[in-house]
> 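Below: one structure in structure tokens.
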Amino acid sequence: MSEKENINEDEIVEQLRNPETRRRAFTKIVELYSDKLYWLIRKMGLCHDDANDVLQNTFMKAWMNLDSFRGESKFSTWIHRIAMNENITFLNRQRAMNQVSIDDVDVYLLDRLKSDDYFDGDALETKLEEAILSLPEKQRMVFTMKYYDDMKYEDMSEILGTSVGALKASYHHAVKKIESILTSDV
């Protein structure tokens, strides 16, 4: 995030604390983070409609819990954490509803993604998505945040509550697994 965005974020957080400017400030938050959070959620293997649902739940939960934001971390970190938790909750609900074991969820999500009207991936992109979905959930989150968003490990550590060293190891293992899958048929 650039220095200008940090300044804007700090200003917006101050506006969020004021009941008179709270709604307008939250509208700015939605504008600032909608695209980034949507793609983070979407890259976790969700189809367009599911990603939109999780995004909407993220903003609803953030709005309802604004008073619990104490400013101990950046607001962007706080809202990313909410998005990741909402994503996990959604995936667990889908697993339970469809009686899919945790080992089979990647196949379920891949089938949903392939049938998504908004997914236009070619064979290679489909194989990459399949490789990402084969990762354990935590590795998938770390890979998605680092590979697609180039997020710093320190920021991921705050969002996921995991040490930087463990995140680096997770990312390394994820990359190795994905490389192995992508080169297995070559």
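These values consider heavy atoms only, across backbone and side chains, with no hydrogens, waters or symmetry-generated copies.
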> Report yes if the side chains of Leu16 and Phe69 come closer than 4.5 Å at any heavy-atom pair, otherwise no.
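No, every pair of side-chain atoms sits at 4.5 Å or beyond.
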
> Any non-hydrogen side-chain atom of Lys138 less than 4.5 Å from a side-chain atom of Thr162?
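Side-chain contact under 4.5 Å: yes.
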
> Take atom NZ of Lys61 as the centre, draw a 6.0 Å sphere, and report whether it contains more than 12 heavy atoms from other residues, nucleotides or ligands.
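No, NZ of Lys61 has 12 or fewer neighbouring heavy atoms, counting only those of other groups under 6.0 Å.
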
> Does Glu9 come within less than 4.0 Å of Lys74, counting only side-chain N to carboxylate O?
no

> Which pair of heavy atoms, one from Ile29 and one from Ile79, lies closest together, and at what distance?
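Minimum heavy-atom separation between Ile29 and Ile79: CG2-CD1, 3.9 Å.
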
> So which atom in Val164 and which in Ser157 form the shortest heavy-atom distance, rounded to 0.1 Å?
CG2-CB, 4.0 Å

> Are Met60 and Leu37 grouped together when hydrophobic residues (ILVMFWY) are joined by side-chain heavy atoms under 4.5 angstrom apart?
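Shared cluster, no.
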
> Does CZ in Phe26 sit with more than 12 non-hydrogen atoms of other residues, nucleotides or ligands closer than 6.0 Å?
yes

> Could you state the interatomic distance from CG (Leu40) to CG (Asp35), rounded to the nearest 0.5 Å?
12.5 Å

> Angle class for the Trp78/Phe75 ring planes (parallel below 30°, perpendicular above 60°, tilted otherwise)?
tilted

> Heavy atoms, side chains only, cut-off 4.5 Å: are Asp50 and Phe90 in contact?
yes

> In Å, rounded to the nearest 0.5 Å, how long is the span from CD1 of Ile82 to OG1 of Thr77?
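It comes to 11.0 Å.
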
> Would you name the heavy atoms of Met44 and Leu133 that are closest together and state the gap between them?
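Shortest heavy-atom contact: O-CD2, 3.7 Å.
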
> Any side-chain heavy atom of Glu11 sitting closer than 4.5 Å to one from Glu14?
no

> Do Leu182 and Ile132 share a hydrophobic cluster (ILVMFWY, side-chain heavy atoms under 4.5 Å, transitive)?
yes

> So, Ser76 versus Lys36: side-chain donor-acceptor pair below 3.5 Å or not?
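The criterion, which ignores hydrogens and geometry beyond distance, is not satisfied for Lys36 and Ser76.
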
> Using the ring pair (Phe, Tyr, Trp, His ring centres under 6.0 Å) rule, take Tyr148 and Trp39 through it: C-alpha gap first, then chi angles, then the decisive distance, then the call.
CA-CA 9 Å; Tyr148 290 111; Trp39 285 108; 9.1 Å; no

> Between atom CD1 of Ile178 and atom OG1 of Thr183, what is the distance when rounded to the nearest 0.5 Å?
11.5 Å

> Which residue in the set Met141, Glu154, Met151 passes side chain to side chain contact (heavy atoms under 4.5 Å, CB included) when paired with Ile159?
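Going through the options one by one, the only one that passes is Met151.
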
> To the nearest 0.5 angstrom, please state how far the OG1 atom of Thr58 sits from the CG atom of Asp53.
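Separation between the atoms: 10.5 Å.
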
> Is there a side-chain contact between Tyr153 and Lys146 in this structure, where contact means two heavy atoms from C-beta onward sitting under 4.5 Å apart?
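Of all side-chain heavy-atom pairs linking Lys146 with Tyr153, at least one is under 4.5 Å.
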
> Indicate the atoms forming the closest heavy-atom contact of Ala83 with Ile41, along with that distance.
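In terms of heavy atoms, the two residues are closest at CB-CD1, 4.3 Å.
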
> Mind checking whether Pro136 and Lys177 have side chains closer than 4.5 Å, heavy atoms only?
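Yes. Closest side-chain heavy atoms under 4.5 Å.
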
> Are the side chains of His172 and Lys176 in touch, meaning some heavy atoms are under 4.5 Å apart?
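A side-chain contact under 4.5 Å exists here.
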
> Grab the two heavy atoms, one from Ile12 and one from Ala25, that are nearest each other, plus how far apart they are.
CG2-O, 3.6 Å

> Compare every heavy atom of Met145 with every heavy atom of Met84, then report the nearest pair and how far apart it is.
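Reported closest heavy-atom pair: SD-CE, 3.8 Å.
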
> Is there a donor-acceptor pair under 3.5 Å between the side chain of Ser170 and the backbone N or O of Leu167?
no

> Please say which of Ile88, Asn87, Thr89 ends up in a side chain to side chain contact (heavy atoms under 4.5 Å, CB included) with Leu91.
Asn87

> Applying the side chain to side chain donor-acceptor pair (under 3.5 Å) criterion to Gln15, which one of Arg23, Lys28, Arg24, Arg22 satisfies it?
Lys28

